[in-house]
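Below is one structure, written out as structure tokens, with a few remarks after it.
Order of the sequence lines sets the chain letters (A, B, ...), proteins ahead of strands, with each chain counted from 1.
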Amino acid sequence: MEESELFRKKREKIESLRASGVELYPNDVKVTHRMDEMQKNYGHLDHDALAGVEEHFSVAGRIMAIRDFGKGAFIVLQDRKGKLQAFIRKDRVGEKGFSLFKSLDVGDIAFVAGRIFKTKTGELTIEAATLRLLAKAMRFLPEKWHGLTDVEARYRQRHLDLVMNPRVREVFQTRSRIIQLIRQFMQERDFLEVETPMMQPIAGGALARPFKTHHNALDMDLYLRIAPELYLKRLIVGGLERVYEINRNFRNEGISTLHNPEFTMMEFYMAYATYEDLMVLTEELLTFIVRTLFGSLKVTYQGTELDFTPPWPRMTVRDALTRIGNIDPGILGDRGGLHKVAGGMGLLFEEHQPLGKILMGIFDEKVEGRIIQPTFITHYPIEVSPLSRRNVEDPSLADRFELFIYGREIANAFSELNDPADQRQRFIKQLQEREAGDEEAHEMDEDYIQALEYAMPPAAGEGIGVDRLVMLLTDSPSIRDVILFPQMRKKEEDKEKTEER
RNA sequence: GGGCCGUUAGCUCAGUUCGGUAGAGCAGCGGACUUUUAAUCCGUUGGUCAGGAGUUCAAAUCUCCUACGGCCCA
């Protein structure tokens, strides 16, 4: 690619700097303080109080601004947690230090050591006794005032987004905190964190299209997992009783503000528990996270207040369809009526499709988006729940719930099906649907059935969509805002490069 | 998959209505300035107008195709 004049000049400037003996990328300084702790510990002191602080401070960070006055200047340094202004005076850093300063640019990484003081305008400032260049930037940062706003550039060059937008750094710090709180909560309840295969010979545990790959040495097709479920339940068979995993799932489907092909799921299984126990546990987990983060159970998401105060409403799929979706209860068991209603919404179902599937299609259309406050929806049709335990009173229903918040599915849980004979029948049903053209239907997994034949204790399990949870708790409108490197199409020039190879 | 909108300097954006020599701010470069806060002041460089084709005496602007992105719908 043709280099613009701007970059050419910059490169020449830096080469002459290198030729003059300035080390461009040294790594021999010790940083003693962080910007945010300095602001916190000394920001409130006045000029005279700071004059009594004898301590020397060593800080480093990216130069975000330079305000030059000839024989003195202010530079703004940014580290991972904050910013601090440094004052460079010719009569303090000396001739050599000052000429180094004159070569510095916005975007460079610099080191400053010295004492602190307050300026006339009341800003905490470190006065440089020592100034070092730590890493020279070859490229220009985006504009200081507007920053980087182009969403495509923000996702493709997340490093720049992170440099320029403090809010983005906060989102990912909060994401890390949320995951840490999940681990703390699960550990306190004696759950064991485990890792199960990401590459599986059969992509099971959910109804979705997988990514396919191939192992050369074994000459064997493998799938990136769509869920860890069947492996985690093998661990329940093995007697671990309480396990969880926080890891990526991969689904070969569309991309939207709610879907990324790889996304993070917290999935856990608990022996001797039912889906009803998990509703309580879910309330406890989320309220623990929300309360720790906000000190309150009320969170504003995109201008809407979400109230996490338990207990959260519980409603069956059937009731939700009639009360929230305004579907005539008389047609819920009537195939003809359901087809008509679904058709009216532009949903086309073939004749052989099970009733439960049509029901859930209507649910997705008419109900899901309208559930704003945290709500458990229970009693799912058995046909769309091939791994769930059957309800004792009504065998057409599963002992299952999903948690919805702000119109989105956040969690999915059920009492586990541990009867191997029933599990085999369910897989056979799924196979029939697959043969009828449903690519998302579950595959037969003999190995898993064999594991169940050794007896799995009664158990319940749940998956929580971590990205979507982080969206809610960071007020992020798109899943791409909470995934550091969301999936993007290749740019044209990259495609050409690939073809050249 | 469909609809709408967008892509102009390193960044943020005008310019497209109604075709007539490509603009601003920041950044950069040169200069002044030792307590500034988007520092200020003087001067100044920088463009494959996403890519391609077409219409036209003339296209950033009109038409078509392609790529990428955003929002909405499926």
Between A:Arg139 (CZ) and B:C26 (P), how many Å, whole number? 23 Å

Between A:Leu258 (CG) and B:C71 (P), how many Å, whole number? 10 Å

Quick one: A:Lys9 NZ to B:A9 P, roughly how many Å, whole number? 18 Å

Does a distance-only test, which skips hydrogens and angles, find a donor-acceptor pair under 3.5 Å between the side chain of A:Gln85 and the base of B:U36? yes

Between A:Lys144 and B:G10, does any side-chain N or O lie under 4.0 Å from OP1 or OP2? no

Hey, is the side chain of A:Arg489 poking within less than 4.0 Å of OP1 or OP2 on B:A67, counting only N and O atoms? no

Kindly say if A:Thr149 contacts the phosphate of B:U12, meaning a side-chain N or O under 4.0 Å from OP1 or OP2. yes

Is there a donor and acceptor pair, one atom on the side chain of A:Glu123 and one on the base of B:U37, closer than 3.5 Å? yes

Closer than 4.0 Å, any side-chain N/O of A:Lys13 to the OP1 or OP2 of B:C29? yes

Taking the same atom, C1', in B:G28 and in B:A9, what whole-Å distance lies between them? 11 Å

Geometric cation-pi criterion A:Arg314 and A:Phe401, 6.0 Å radius, 45° cone: no

Measuring only the P atom in each nucleotide, how far is B:A24 from B:G43? A whole number of Å is fine. 13 Å

Can you check the distance between B:A60 and B:C72, where both ends of the measurement are the P atom (answer in whole Å)? 34 Å

Worked verdict on A:Thr264 versus A:Arg175 for side-chain hydrogen bond (donor to acceptor under 3.5 Å, both in side chains): CA-CA 11 Å; A:Thr264 301; A:Arg175 180 183 172 113; 3.2 Å; yes

When you measure from the side-chain N and O atoms of A:Arg480 to the phosphate of B:G70, is any distance below 4.0 Å, counting only OP1 and OP2? yes

Rounded to whole angstroms, how far apart are NZ on A:Lys102 and P on B:A32? 9 Å

Between atom CD1 in A:Ile75 and atom P in B:U37, what is the gap in whole Å? 17 Å

P atom, B:C11 versus B:A27: distance in rounded Å? 16 Å

Separation of B:G28 atom P from A:Glu5 atom CD, nearest Å, is 15 Å

Would A:Arg400 count as a cation-pi partner of A:Tyr380, with NZ or CZ less than 6.0 Å from the six-membered ring centre and within 45° of the ring normal? yes

Ignoring backbone atoms, test whether A:Arg67 places a side-chain nitrogen or oxygen under 4.0 Å from the OP1 or OP2 oxygen of B:A39. yes

Between A:Phe140 and B:G10, do the rings stack, that is, sit under 5.5 Å apart with planes less than 30° off each other? no

Between the base of B:U37 and the side chain of A:Thr119, is there any donor-acceptor pair under 3.5 Å? yes

How many whole angstroms separate atom NZ of A:Lys366 from atom P of B:C73? 13 Å

For the pair A:Glu305 and A:Thr300, evaluate side-chain hydrogen bond (donor to acceptor under 3.5 Å, both in side chains) and give the outcome as yes or no after the intermediate values. CA-CA 4 Å; A:Glu305 186 179 83; A:Thr300 300; 5.2 Å; no

A:Arg156 vs B:G69: side-chain N/O to OP1/OP2 distance below 4.0 Å: yes

Does A:Lys490 have a side-chain nitrogen or oxygen under 4.0 Å from the phosphate oxygens OP1 or OP2 of B:C68? no

Nearest-angstrom distance, C1' atom, B:G15 to B:C73: 33 Å

Distance under 6.0 Å and angle within 45° of the ring axis: does A:Lys357 meet both against A:Phe349? no

ring centroid sep under 5.5 Å plus plane angle under 30, A:Phe74 with B:U36: yes

Just checking, any donor-acceptor pair under 3.5 angstrom between side chains of A:Asn249 and A:Arg225? yes

